[in-house]
> 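Have a look at the structure that comes next, please.
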Amino acid sequence: SLQLNQILNKIKEREVKVEEVVNETLKQIEKCKPLNCFITINDSSSLLEQAKQIDQSDDLTKKLIGIPIGIKDAYCTKNIRTTAASKMLEDFKPIYTATVVQRLIDSGSIMVGKTNMDEFSMGSTSKSSFFGPVINPWSTKSGYERVPGGSSGGSAAAVASYCSYAAIGSDTGGSVRQPAAFCGIVGFKPSYGMLSRFGLIAFASSLDTPGIFTRSVTDTTLVYDSMVGRDFNDSTSIDANENCSNSFDHLELFKSKYKKGSGLKGVKIGIPIEFNVEELSNTMRELWQYGIDLLEQEGAEIVSVSLPHTKYSLATYYIIAPAEASSNLNRYDGIKYGHKVQTKKVLTLNEFYQQSRSEGFGTEVQRRILMGNFCLSRDSFDNYYGKAQKMRMLIKQDYQRIFDSGISFILTPTTPTPPFLISKQSSNPTEEYLNDVYTVPISLAGLPAISLPIKRSFENFEGQSGLPLSLQLISRWRQENNLLNVAWCLEQNANMQQLKLEEIEF
């Protein structure tokens, strides 16, 4: 149950063997199979052989040496099945590895497997996977299972259940922060462009951002430092400057100067009035006030701010994201690669496309393709996609104005409610989209944000108390180091009790 930074220090001091760490991780993965966190688990003998080679090595200086890590199954991994949790790519094995994954491997980490997710990253519950839903480790009792969030629910559940010390996901509209909140762990989305998208199976290219799951802010800095940096394979990636690189060293410096009660003296933190929406539960509203109180106790100045275009965020996102998705998913035609319809009937080319794609794509993916194609159609383009792009710019300008006024950070809830039951069904599929109401605006603006577990719930929510509750911190673009410092400060003052191994029962 040690955190990544703690086990890393033990490995580097040779107080524990990597083989033992990997072996214990594999045992925990086997125990937690009912959670359905993983789609593919790498060969145990190969993983243990990697561990033995590290133990026998004289060089243990790599940033993440010997650390077991999970990879969302949306990232290409050479010669390892990469499915995007879909039937369309059920047997797809890439010929190259995604940049961020390769950087983690080069940093000495050990990839234990590919984690489950919503199909093609489309969803916020991890229920739409072709390989079955993921179960939140906080609630495993039969009939009371809860969603882990999505789309990166498998990665979040794996970290929360101690099946990996860290994991990576992808955040398009909240798909790292929301599952991190539901699973009671740290979820970090850097600024758009800080981490390479090369090798990430595309959902919405102008929004997709690699993200990180860990059990502490310190762990997050270690993983982030191993991944950050320009990648010439991704034209949208950018160089990291002193404000968004070497985050671990910056955090250690901040810790050395930290004095409880004055750690955030002079820092202005904005509280957006538009985020106090109807969907926000009383539990989360009280949590928000608790977080405000914690920051004030550290000397921060709390300021009410206005983001007037926030109310248009969901509508804007659910035009832009499906539009980009419909374009990106055109490549899956069953001919070049992907699922091919099996029939003895002679089909025309259009019939072949239609049947292959109908069989290969699940309901939610088909719904978003249809939405996207409609928004991009000649008759609708100007009324929908064109206006959505204009609104996106206004949303981005709202945040720019707030930060230019002297506000350094913004604090909001991560989700409107605690994690809800898997069995909960909605008559209107779009109601599920409301789960992203607090995360989508930040994605549209391309800003860095981090979700932090603050405490457990005292009130009963759908038959259970003691569920994790989280808040979200947001900063100016390319200010990752300062964001992580403030997040650590909030983490130190929070009353969060992590999920314990003995609490995960089946």
Side-chain angles (χ1 to χ4, degrees), residues 39-40 72-98 114 116-123 127-132 150-151 170 172-173 197-208 233-236 317-386 388-389 429-430 433:
I39 291 174
T40 300
K72 183 179 182 179
D73 205 24
Y75 288 93
C76 290
T77 45
K78 186 176 181 180
N79 297 327
I80 298 174
R81 187 171 67 145
T82 301
T83 70
S86 69
K87 183 175 182 178
M88 179 62 77
L89 295 176
E90 183 179 5
D91 299 312
F92 174 59
K93 290 186 178 180
I95 59 173
Y96 67 97
T97 295
K114 307 294 291 294
N116 205 349
M117 54 183 277
D118 279 305
E119 183 184 1
F120 281 102
S121 300
M122 299 182 193
K127 292 197 297 184
S128 70
S129 170
F130 176 67
F131 301 92
S151 63
S170 61
T172 307
R197 292 185 299 110
F198 180 72
L200 170 62
I201 295 174
F203 167 16
S205 302
S206 73
L207 295 161
D208 292 344
N233 288 317
D234 176 8
S235 61
T236 63
Y317 175 83
Y318 281 103
I319 291 173
I320 292 175
E324 294 186 9
S326 66
S327 177
N328 280 324
L329 270 60
N330 276 339
R331 70 193 70 178
Y332 304 111
D333 56 13
I335 293 178
K336 293 185 286 292
Y337 56 89
H339 173 76
K340 295 177 176 63
V341 61
Q342 301 297 317
T343 179
K344 294 180 180 180
K345 182 181 177 182
V346 177
L347 302 175
T348 65
L349 183 60
N350 282 341
E351 287 173 336
F352 179 83
Y353 285 156
Q354 181 186 38
Q355 292 188 31
S356 294
R357 287 167 65 84
S358 294
E359 290 181 4
F361 291 134
T363 302
E364 182 60 29
V365 174
Q366 291 186 34
R367 180 183 294 116
R368 298 202 190 193
I369 290 173
L370 289 171
M371 290 165 58
N373 283 334
F374 172 78
C375 293
L376 292 176
S377 65
R378 184 175 61 183
D379 294 338
S380 302
F381 185 90
D382 290 337
N383 287 332
Y384 290 91
Y385 188 74
Q389 289 290 12
T430 59
Y433 302 164

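All heavy atoms count here, side chains included; hydrogens, waters and symmetry mates do not.
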> With sequence neighbours excluded, give me every salt bridge (Lys or Arg N to Asp or Glu O under 4.0 Å) pair touching residues 355-375.
Glu364-Arg367, Glu364-Arg368
> Quick one: does Lys72's side chain get under 4.5 Å of Ser151's, heavy atoms only?
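Yes - at least one pair of side-chain heavy atoms lies under 4.5 Å apart.
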> Would you say the side chain of Leu376 lies within less than 4.5 Å of the side chain of Ser326, judging by non-hydrogen atoms?
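Sidechains of Leu376 and Ser326: in contact.
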> Is there a donor-acceptor contact under 3.5 Å from the side chain of Ser327 to the main chain of Glu324?
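No; zero donor-acceptor contacts below 3.5 Å.
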> Can you name the salt bridge (charged side-chain N to carboxylate O under 4.0 Å, His left out) partners of Asp73, sequence neighbours left out?
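Lys114.
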> Is there any ring pair (Phe, Tyr, Trp, His ring centres under 6.0 Å) pair reaching into residues 75-94, and which pairs are they, with sequence neighbours excluded?
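Residue pairs with at least one partner in residues 75-94: Phe92-Tyr337.
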> Restricting to pairs with a member in residues 376-386, which pass side chain to side chain donor-acceptor pair (under 3.5 Å), not counting sequence neighbours?
Ser377-Ser380, Tyr385-Gln389
> My understanding is that only residues two or more places apart in sequence, or in another chain, count here; which of them pass side chain to side chain contact (heavy atoms under 4.5 Å, CB included) with Lys345?
Thr343, Leu347
> Using ring pair (Phe, Tyr, Trp, His ring centres under 6.0 Å), reason through Tyr433 and Tyr317 one step at a time and then give a plain yes or no.
CA-CA 10 Å; Tyr433 302 164; Tyr317 175 83; 8.5 Å; no
> A side-chain contact here means heavy atoms from C-beta on lying under 4.5 Å apart; do Met122 and Phe203 qualify?
yes
> Under 4.5 Å between any side-chain heavy atoms of Thr83 and Phe131, yes or no?
yes
> Once side chain to side chain contact (heavy atoms under 4.5 Å, CB included) is applied, do any residues pair with Leu370, and if so which ones, sequence neighbours excluded?
none
> For Gly132 and Asn116, which heavy atoms make the closest approach, and how far apart are they?
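Minimum heavy-atom separation between Gly132 and Asn116: O-ND2, 3.0 Å.
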> Is a donor on one side and an acceptor on the other found under 3.5 Å between the side chain of Gln366 and the backbone of Ser358?
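Yes; at least one donor-acceptor contact below 3.5 Å.
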> Just wondering, more than 12 heavy atoms not from Leu349 lying within 6.0 Å of its CG?
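Yes, enclosed.
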> Please name the pair of heavy atoms, one in Tyr96 and one in Gly199, separated by the smallest distance, quoted to 0.1 Å.
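Answer, listing the atom of Tyr96 first, then Gly199: CE1-CA, 3.7 Å.
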> Going by heavy atoms in the side chains, are His339 and Phe361 under 4.5 Å from each other?
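They are not in contact (no side-chain heavy atoms under 4.5 Å apart), so the answer is no.
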